[in-house]
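FYI, side chains are in, hydrogens and waters are out, and symmetry mates aren't considered; it's all heavy atoms of this structure.
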Amino acid sequence: QVQLVESGGGLVQAGGSLRLSCAASGRTFSSYAMGWFRQAPGKEREFVATISLSGSSTYYSDSVKGRFTISRDNAKTTVYLQMNSLKPEDTAVYYCAASRAVIATHDLAYDSWGQGTQVTVSS
């Protein structure tokens, strides 16, 4: 397991930007693919973005493609989610997660989860 702590959530107006961070503990951070998921009130958790172990490959859900960017800094054991052009439908609790797979888009592939950080986009 890897311990994950998220930060950077908050309230932003539609069209604005936020940058989420997820700090990981442990010496094996570079052995995990990382992902971001989100869960809106009354909805199931959904995939947002993922990045491979080295950061060479990324995948995004269609709903955020072109607006969000996932990145990682293995030296800092931190993964980021840059969110631009935010929409009210992006409002959700955002979770970072770690997977032993090289890269993964399904939540069942993830072993460890952060506590979540609230992102609220007003219109």
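Under the salt bridge (charged side-chain N to carboxylate O under 4.0 Å, His left out) criterion, R67 pairs with D90, not counting sequence neighbours. For the side-chain hydrogen bond (donor to acceptor under 3.5 Å, both in side chains) test, residues two or more places apart in sequence or in another chain that qualify with R100 are Y32. The ring-ring contact (aromatic ring centres under 6.0 Å, His included) search around Y80 returns none, not counting sequence neighbours. For Q39, there are no side-chain hydrogen bond (donor to acceptor under 3.5 Å, both in side chains) partners at least two apart in sequence or on another chain. A search for side-chain hydrogen bond (donor to acceptor under 3.5 Å, both in side chains) contacts involving T50 returns Y110, not counting sequence neighbours. A search for side chain to side chain contact (heavy atoms under 4.5 Å, CB included) contacts involving A40 returns K43, A92, not counting sequence neighbours. For E89, the salt bridge (charged side-chain N to carboxylate O under 4.0 Å, His left out) criterion is met by no residue, not counting sequence neighbours. Not a single ring-ring contact (aromatic ring centres under 6.0 Å, His included) links Y94 to another residue, sequence neighbours left out. With sequence neighbours excluded, no residue satisfies side-chain hydrogen bond (donor to acceptor under 3.5 Å, both in side chains) with Q3. Every salt bridge (charged side-chain N to carboxylate O under 4.0 Å, His left out) that K65 has, sequence neighbours left out, goes to D62.
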(message) Between E46 and R38, is the side-chain contact (heavy atoms from CB on, under 4.5 Å) condition met? List the steps.
(response) CA-CA 5 Å; E46 64 175 346; R38 66 187 183 186; 2.8 Å; yes
(message) Determine whether T91 and V119 satisfy the following criterion, side-chain contact (heavy atoms from CB on, under 4.5 Å), listing intermediate values before the conclusion.
(response) CA-CA 5 Å; T91 295; V119 173; 6.0 Å; no
(request) Check the pair Y60, T69 against side-chain contact (heavy atoms from CB on, under 4.5 Å), reporting the backbone distance first and the verdict last. (result) CA-CA 8 Å; Y60 301 89; T69 302; 3.8 Å; yes
(message) I'd like to know whether F47 forms a side-chain contact (heavy atoms from CB on, under 4.5 Å) with D107, so could you lay out the CA-CA distance, the side-chain angles of the two residues, the decisive distance to 0.1 Å, and finally the verdict.
(response) CA-CA 7 Å; F47 167 77; D107 58 1; over 6 Å; no
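Annotation: the span from I51 atom CD1 to S99 atom OG amounts to 13.5 Å, rounded to 0.5 Å. Going from atom OG of S122 over to atom CD of Q13 covers 5.0 Å, rounded to the nearest 0.5 Å. In this structure, CZ on F68 lies 9.0 Å from CG on L18, to the nearest 0.5 angstrom. For the atom pair SG of C22 and CG of L4, the computed distance is 4.0 Å after rounding to the nearest 0.5 Å. Atom CE of M34 sits about 9.5 Å away from atom CG of N74, to the nearest 0.5 Å. Summarising the geometry, atom OG belonging to S57 is positioned 5.0 Å from atom CD1 belonging to I103; distances are rounded to the nearest 0.5 Å.
Taking both residues in full, the closest heavy atoms of L81 and A49 are given as CD1-CB, 4.3 Å, listed atom of the first, atom of the second, then distance. In terms of heavy-atom proximity, A24 sits nearest to V2 at CB-CG2, 3.7 Å. Residues S17 and S85 come closest through the heavy atom pair OG-N, 4.3 Å. Here the closest non-hydrogen pair linking A101 and A33 is O-CB, 3.2 Å.
Within a 6.0 Å sphere centred on CD of Q115, other residues, nucleotides and ligands contribute more than 12 heavy atoms.
V5 belongs to no hydrophobic cluster, as no Ile, Leu, Val, Met, Phe, Trp or Tyr side chain comes under 4.5 Å of its own.
At least one side-chain heavy atom of I70 sits less than 4.5 Å from a side-chain heavy atom of V79.
When the side chains of ILVMFWY residues are joined at heavy-atom separations under 4.5 Å, either directly or via intervening members, W36 and V12 end up in a single hydrophobic cluster. Hydrophobic clustering (ILVMFWY, side-chain heavy atoms < 4.5 Å, transitive): L86 and L20 are in one cluster.
The salt bridge (Lys or Arg N to Asp or Glu O under 4.0 Å) contacts involving residues 71-80 comprise nothing, where partners must be two or more places apart or lie in separate chains.
Checked against the 6.0 Å centroid criterion, the rings of Y95 and F37 do not qualify as a close aromatic pair.
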